[in-house]
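Accompanying notes for the structure given below.
We number each residue from 1, following the sequence as shown. The figures that follow rest on heavy atoms only: side chains count, while hydrogens, waters and symmetry mates do not.
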Amino acid sequence: MTTTLYGSRSTASLVVHWLLLELQIDHELVLLDFDTREQKAVDYLALNPAGRVPTLLIDGQVLTEAAAIALYLADRHPQAGLLPAPGTPERGVAYRWMFWCANTLQPAYRAWFYADEVAGADNVDAVREHARQQLENAWQQFSEHLQAAGPYVLGEQLSVVDFMLTMLMRWSRNMPRPTDTWPVLKAYADRMKTRPAFAEVYRREDITDWR
């Protein structure tokens with residue numbers, strides 16, 4: 001059956017696109033135009049009522065949420081070694097950091113980029129300042145983790161969480177303190193950027209920044 005990824009250039013769908021390429025999974029990419037609000041079209045809402053990306057159609061199943069899709073793809077392709085064995089302490093650590101991405105980083109980024117959604121247009125500056133502090137504190141925590149237990153999230157083993165974190169690092173590129181101002185994080189991101197699939201996802205989505 002056909003695997004189809006619905007996404008948009010340079011959004012949360014990037015990590016799924018990157019993993020599809022990394023795992024050499026044949027797929028069709030459908031890039032939605034956010035400027036014309038294609039993500040709110042009736043046909044797309046029938047797949048993903050939240051009207052967000054990514055949405056992955058795989059073997060007739062509809063999956064949403066970037067972190068969940070990333071974990072699912074790693075599980076479907078154990079030969080790639082992107083997740084430790086189920087039930088191991090290392091698997092627990094992988095879950096911990098993936099949920100940290102989804103529950104700590106992504107909400108703070110959403111508050112930064114869509115500050116008016118949180119408390120109205122009159123409070124944008126306050127919301128953004130709070131989000132900035134949350135993100136910088138979180139990235140400091142992650143930097144300390146890598147310093148103590150790197151070079152990857154799980155130590156020497158590359159995992160699916162590293163792909164998610166690299167994407168989220170990129171989101172800070174135009175913020176007051178980008179993630180690559182932490183030397184440990186810059187070295188980490190530079191290591192991930194050397195992967196051929198990273199260059200390929202950039203090529204296919206026509207992304208030129210944060211190389």
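- In this structure, the side chain of Arg128 does not engage the main chain of Ala115 through any donor-acceptor pair within 3.5 Å.
- Between Thr4 and Thr2, the side chains place no donor N or O within less than 3.5 Å of an acceptor N or O (distance only, hydrogens not considered).
- Here the closest non-hydrogen pair linking Gly81 and Gln157 is O-NE2, 3.2 Å.
- Pairing each heavy atom of Ser8 with each of Leu32, the nearest pair is OG-O, 3.0 Å.
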Original post:
Under the side chain to side chain contact (heavy atoms under 4.5 Å, CB included) criterion, do His77 and Leu82 qualify, and how do the steps go?
Top reply: CA-CA 8 Å; His77 298 271; Leu82 293 183; over 6 Å; no

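- Listed by first then second residue, pairs satisfying salt bridge (Lys or Arg N to Asp or Glu O under 4.0 Å) with a partner in residues 168-188 read Arg170-Asp209, Arg173-Asp209, Lys186-Asp190, not counting sequence neighbours.
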Original post:
What do the steps show when you test Glu38 against Thr36 for side chain to side chain contact (heavy atoms under 4.5 Å, CB included), and what is the final call?
Top reply: CA-CA 6 Å; Glu38 284 187 333; Thr36 60; 3.5 Å; yes

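- The structure places CG of Leu135 at 10.5 Å from CH2 of Trp171, a figure rounded to the nearest 0.5 Å.
- Between Glu129 and Gln133, the side chains place a donor N or O and an acceptor N or O closer than 3.5 Å (distance only, hydrogens not considered).
- Taken to the nearest 0.5 Å, the CD atom of Gln134 stands 12.5 Å off from the CH2 atom of Trp112.
- Arg211 places no side-chain N or O within 3.5 Å of a backbone atom of Tyr202 that could act as its donor or acceptor partner.
- Under the 3.5 Å distance criterion, the side-chain polar atoms of Glu205 are matched with a main-chain donor or acceptor of Ser10.
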Original post:
For Val93 and Leu154, what are the C-alpha separation, side-chain angles and deciding distance, and is it a side chain to side chain contact (heavy atoms under 4.5 Å, CB included)?
Top reply: CA-CA 7 Å; Val93 174; Leu154 302 182; 3.5 Å; yes

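- Phe34 and Leu47 fall within the same hydrophobic cluster, where Ile, Leu, Val, Met, Phe, Trp and Tyr residues are linked whenever their side-chain heavy atoms come under 4.5 Å apart, directly or through other members.
- Classified by interplanar angle (parallel below 30°, tilted 30° to 60°, perpendicular above 60°), the ring pair Trp100/Trp97 is perpendicular.
- Atom CD of Gln147 sits in a sparse spot, with 12 or fewer heavy atoms from other residues, nucleotides or ligands closer than 6.0 Å.
- The two residues Tyr188 and Val161 have their closest heavy-atom pair at OH-O, 4.5 Å.
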Return a table of donor-acceptor pairs under 3.5 angstrom between the side chains of residues 21-30 and protein atoms on other chains or two or more places apart.
{"unit_1": "Glu22", "atom_1": "OE1", "unit_2": "Arg195", "atom_2": "NE", "d": "3.4"}
{"unit_1": "Glu22", "atom_1": "OE2", "unit_2": "Arg195", "atom_2": "NE", "d": "3.1"}
{"unit_1": "Glu22", "atom_1": "OE2", "unit_2": "Arg195", "atom_2": "NH2", "d": "2.6"}
{"unit_1": "His27", "atom_1": "ND1", "unit_2": "Ile25", "atom_2": "O", "d": "2.7"}

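- Atom OG1 of Thr181 sits about 7.5 Å away from atom CD of Glu136, to the nearest 0.5 Å.
- The hydrophobic clustering, which links ILVMFWY residues whose side-chain heavy atoms are closer than 4.5 Å, places Val124 and Val127 apart.
- Formation of a donor-acceptor pair under 3.5 Å by the Ser143 side chain with backbone atoms of Leu185 is not found in this model.
- Cluster annotation: Ile207 is connected to Phe163 through the hydrophobic network of ILVMFWY side chains, with a link wherever side-chain heavy atoms come within less than 4.5 Å.
- Partner of Thr64 under the side-chain contact (heavy atoms from CB on, under 4.5 Å) criterion, out of Val53, Leu56, Asn48: Asn48 alone.
- Leu57 and Leu31 sit in two unconnected hydrophobic clusters of ILVMFWY residues. Membership requires side-chain heavy atoms under 4.5 Å apart, directly or through other members.
- A pairwise comparison of heavy atoms in Ala50 and Leu45 identifies C-CD2, 4.5 Å as the closest pair.
- The shortest distance between side-chain heavy atoms of Met192 and Leu158 falls below 4.5 Å.
- The hydrophobic clustering, which links ILVMFWY residues whose side-chain heavy atoms are closer than 4.5 Å, places Leu14 and Leu63 together.
- Distance alone, capped at 3.5 Å, is enough to place a donor-acceptor pair between the Asp162 side chain and the Val153 backbone.
- Side-chain atoms of Tyr44 come within 3.5 Å of backbone N or O of Arg52 as a donor-acceptor pair.
- Checked by atom type and distance alone, the side chain of Thr55 never pairs as donor or acceptor with a backbone atom of Tyr6 at under 3.5 Å.
- Counting heavy atoms from C-beta outward, Trp139 and Leu105 have side chains that approach closer than 4.5 Å.
- Nearest heavy-atom pair, Ala12 versus Met167, reported as atom, atom and distance to 0.1 Å: O-SD, 3.5 Å.
- To the nearest 0.5 Å, the span separating OH on Tyr95 from CG on Leu83 amounts to 6.5 Å.
- Between Phe113 and Tyr109, the angle of the ring planes stays under 30°, which puts this pair in the parallel group of the 30/60° scheme.
- The 12-atom threshold is exceeded at CZ of Arg110, counting heavy atoms of other residues, nucleotides or ligands nearer than 6.0 Å.
- Rounding to the nearest 0.5 angstrom, the gap separating the CZ atom in Phe142 from the OG1 atom in Thr179 is 10.0 Å.
- Taken from CG in Leu73 to CD1 in Ile58, the straight-line distance is 5.5 Å, to the nearest 0.5 Å.
- Every residue meeting the salt bridge (Lys or Arg N to Asp or Glu O under 4.0 Å) condition with Asp75, not counting sequence neighbours, appears here in chain and number order: Arg91.
- When all heavy atoms are compared, the tightest approach of Gln39 to Gly51 is CG-O, 3.0 Å.
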